[in-house]
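Here's the structure we're looking at; comments come further down.
This chain uses plain numbering: 1 for the first residue, then up along the sequence. Start at 1 and go down the list; that is how both ligands and their atoms are numbered.
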Amino acid sequence: MDKISIIVPCYNEEKVLSAFYRETTAAVKDITDAECEFIFVDDGSRDRTLEILHSLSLADERCKYISFSRNFGKEAAMYAGLQNASGDYCVFMDADLQHPPKLLKEMYNVVKNEGYDCCAGLREDREGEGHMRNFLSHAFYKIIGRLCRLDMTDGAGDFRMMNRTMADSILELKEYNRYMKGIFSFVGFDTKWIPFHNVERAAGETKWTFRSLFRYALDGILSFSSAPATLAGTAGFFLIAAAFIIGIATLLIRHSLPGLTLVICLLFFLSGIQMFFIAILGQYIARDYMESKKRPIYIIKKKGGF
Ligand code: UDP
Ligand code: MG
């Protein structure tokens, strides 16, 4: 019999965990030809999340958990879950019931019988999210799609079920700055998209702030694209060329160099541009620095139910 590993990153989710467990176990009852296991990853929660996970693991042997020593972020939690999953198929689900458990059966059917490696939920709308966040998300996916030449579908979340081959290839990418949507797209494989309606989280609140979303977007672009660095080079080239042309042209026309004010303006403008691009390069160097440290992506404090 097949085994499905349901990987659930949890950060301060005490309010929804029991509802999540109830609804998801009810949904997997319909899948008669596979058994399942839950790999909950407590990402350094400061509420009763770990306590709840511990009692779930005592009550139901399918429930396993990993608890981080601090908050390492959802991407690290997903990676840890995947590393500890033993299923023939693995699926990532948010704890807040924004990923409808009733889709699991359909997803399993797709990866099992339709020849796809992966079946992913595609959010059709963004109901329950602010207009501003909505607009920024769309803009971000447009930009990242262009820059990274990877197919990163707008509305694609982390809710997806994949077979062992794809799961193993994701595990092969051991980088520290993990941008999961980029990683999914990077490893390739055949994915079938099934649309679903966005719902508000069942309880608790979102862990994202504008600041963390901005950082996440930057991570996505910088870990999968060197286009900003190329842009710096191109812009630099044009600036140097422009400086030569202006200098020579002015000399030819006026037979003298322009006034001090113009020089100062030019100096300010150019050094401003340079600083901006140095900042882009700095971002890459910072990331390279992190990668070269080969730090663990997460640190496990406790494990149970295995
Ligand atoms: N999450 C996590 N670590 C974090 C932030 C979030 O494990 O640092 C988990 C969270 O518990 C939830 C999922 O990631 O299960 C999605 O988080 P959230 O609902 O806050 O994101 P949104 O749905 O608003 O994008
Ligand atoms: Mg959510």
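Counting heavy atoms closer than 4.0 Å to ligand 1, residue Glu13 contributes side-chain atoms (C-beta onward) but none from N, CA, C or O. Contacts between Thr206 and ligand 1, counted as non-hydrogen atom pairs separated by less than 4.0 Å, involve both the backbone and the side chain. The proximity of Cys10 to ligand 1, defined as any non-hydrogen pair under 4.0 Å, is limited to the backbone. Counting heavy atoms under 4.0 Å from ligand 1, residue Asn71 touches it through the side chain alone.
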Under 3.5 Å, which donor-acceptor pairs do the side chains of residues 85-92 form with other protein atoms, sequence neighbours left out?
from	atom 1	to	atom 2	distance (Å)
Ser86	OG	Lys3	NZ	2.8
Ser86	OG	Glu37	OE2	3.3
Asp88	OD2	Lys3	N	2.7

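Residue Glu205 has no nitrogen or oxygen atom sitting less than 3.5 Å from a nitrogen or oxygen atom of ligand 1, judged on distance alone. On a distance-only criterion, Ala77 and ligand 1 share no N/O pair closer than 3.5 Å.
Taking the six-membered ring for Trp and the full ring otherwise, Tyr179 and Tyr216 have centroids separated by under 6.0 Å.
Around the Mg ion (ligand 2), protein N, O or S atoms at a distance under 2.8 Å total 2; waters are neither shown nor counted.
More than 12 heavy-atom neighbours from other residues, nucleotides or ligands sit within 6.0 angstrom of CZ on Phe306.
A distance of 7.0 Å separates CZ of Arg46 from CG of Asn71, quoted to the nearest 0.5 Å.
Two residues are said to be in side-chain contact when any heavy atoms from C-beta on lie closer than 4.5 Å; Phe196 and Gln98 fail this criterion. When side chains are defined from C-beta on, Ile170 counts as touching Leu82, because their heavy atoms get closer than 4.5 Å.
Distances from atom 22 (P) of ligand 1 to the heavy atoms of Phe20, Trp208, Phe68 show the closest one on Trp208.
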Next item on the list: Could you please spell out the steps behind the side chain to side chain contact (heavy atoms under 4.5 Å, CB included) verdict for Cys119 and Ile194?
Entry: CA-CA 7 Å; Cys119 181; Ile194 50 176; 3.8 Å; yes

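When each of Asp158, Asp96, Asp43 is checked for a salt bridge (Lys or Arg N to Asp or Glu O under 4.0 Å) with Lys74, only Asp158 meets the rule.
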